[in-house]
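To start, the structure itself, in structure tokens.
These numbers come from the heavy atoms of this one structure, side chains and all, not from hydrogens, waters or symmetry mates. Atoms within each ligand, like the ligands themselves, are counted from 1 in listed order.
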Amino acid sequence: MTEELWPDSVSVADATGIAARLTDAVLDRVLSVPAGLEARVYEAMRYSALAPGKRLRPLLVLAGSQLFGVARRSGLQVAAAIEMVHAYSLIHDDLPAMDNSDLRRGRPTCHKQFDDATAVLAGDGLLTMAFEVLADPDTHGDPAVRCELIASLAGAAGAPGMVGGQMIDLIAEKQPLDIGAITRLQRMKTGALIAFSCEAGAILAKAAGEVRIALRGYAHDLGLAFQIADDLLDVEGSAAETGKPVGADAAAGKATFVSILGAERARAQAELLVGQAVAHLDLFEERAELLRQVARFVINRRM
Ligand code: GRG
């Protein structure tokens with residue numbers, strides 16, 4: 001019998017706390033600082049990966065893993081890997097060559113705390129270490145499962161996913177995009193990592209096609225709802241709440257869901273997407289209650 005991380009009736013707040021604590025313990029272990037001069041890059045990797053974020057992607061990995069009774073250790077390895085990729089993307093996104101941001105997770109960004117070159121290397125180090133963690137036999141005893149996780153995360157993080165989405169996002173500062181192009185950009189930039197997080201438990205469990213399709217549908221709608229909520233926070237939130245500068249999209253002249261639809265229609269669209277996301281989970285009955293709550297949390301969050 002697999003040891004469960006939380007009871008099925010757990011609240012999002014409690015599950016988030018547990019996911020954060022356990023994922024951070026894995027990050028702390030894999031990011032231990034060596035004695036040599038390279039210690040500086042490890043310090044920068046730890047600074048960003050262990051900074052206080054929502055740990056939404058680990059929560060999704062662990063909630064999905066528990067749905068299938070996956071061993072706790074396997075889920076935690078994948079949770080740490082996805083958080084490392086996410087932290088890398090934030091470090092590089094904040095660099096002067098991209099968003100040129102000074103504040104992230106309520107703290108100076110990695111390049112402000114260290115320097116630009118160290119921040120580039122810290123991102124590179126986190127990205128590559130994520131794949132090392134997935135390749136570790138602790139992640140799963142079956143090498144085919146480890147390969148599937150690696151291939152799936154590579155696709156989500158790379159040019160077909162997040163990197164490609166970021167490229168389009170940079171182009172969008174100079175070239176106006178319509179709502180269809182923005183939807184595609186956001187599905188790639190933000191949605192792909194969220195989709196991997198939702199599906200990872202099914203990969204670890206070697207689950208059948210039908211449940212994977214359901215989780216993919218959930219992730220598809222959740223990712224877009226998350227992004228609309230992010231756009232709304234950029235307009236309506238504060239740096240004190242979000243831990244990052246707000247108003248950045250408007251200042252960069254970027255078209256977003258909110259600039260095109262207006263706040264009211266954007267919020268209605270996010271609520272519609274959450275309803276759709278939740279409907280994809282019907283086949284899991286009450287076992288998916290946490291994933292349903294996460295979807296609702298994603299559009300009501302203030303950070
Ligand atoms: C540099 C390849 C590369 C990609 C960067 C993730 C990303 C792509 C850019 C971040 C900019 C941004 C604000 C994107 C919107 C959605 C998003 C990923 C927000 C940050 O994620 P949260 O809210 O952050 O989960 P925490 O800090 O809570 O983990």
Counting only heavy atoms, tell me which of [options] gets closest to [atom].
atom	options	answer
atom 5 (C) of ligand 1	Gln166, Met167, Met188, Lys189	Gln166
atom 29 (O) of ligand 1	Glu83, Arg57, Arg55, Arg105	Arg105
atom 7 (C) of ligand 1	Ser48, Ser89, Ala87, Gly223	Ser89

For [atom], find the nearest protein heavy atom and state the residue, atom name and distance (0.1 Å precision).
atom	result
atom 24 (O) of ligand 1	His86 NE2, 3.5 Å
atom 2 (C) of ligand 1	Tyr88 OH, 3.5 Å
atom 10 (C) of ligand 1	Asp93 OD2, 3.4 Å
atom 17 (C) of ligand 1	Phe226 CE2, 3.9 Å

(Q) Determine whether a donor-acceptor pair (N or O, by modelled atom type, separation under 3.5 Å) exists between the side chain of Asp231 and the backbone of Thr256. (A)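 A pair under 3.5 Å: no.
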
(Q) What I want to check is whether the side chains of Thr190 and Gln227 have a donor and an acceptor closer together than 3.5 Å. (A)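 Yes, Gln227 and Thr190 have a side-chain donor paired with an acceptor closer than 3.5 Å.
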
(Q) Checking Thr118 against Asp115: is there a side-chain donor and acceptor pair closer than 3.5 Å? (A)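 Yes, because at least one side-chain N or O of Asp115 sits under 3.5 Å from a partner of the opposite role on Thr118.
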
Q. Which atoms of ligand 1 sit under 4.0 Å from any heavy atom of Thr190?
A.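 Near Thr190, the atoms of ligand 1 are 16 (C).
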
Q: Run the numbers for me: atoms of ligand 1, each under 4.0 Å from some heavy atom of His92, listed by number.
A: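 That gives atoms 1 (C) of ligand 1.
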
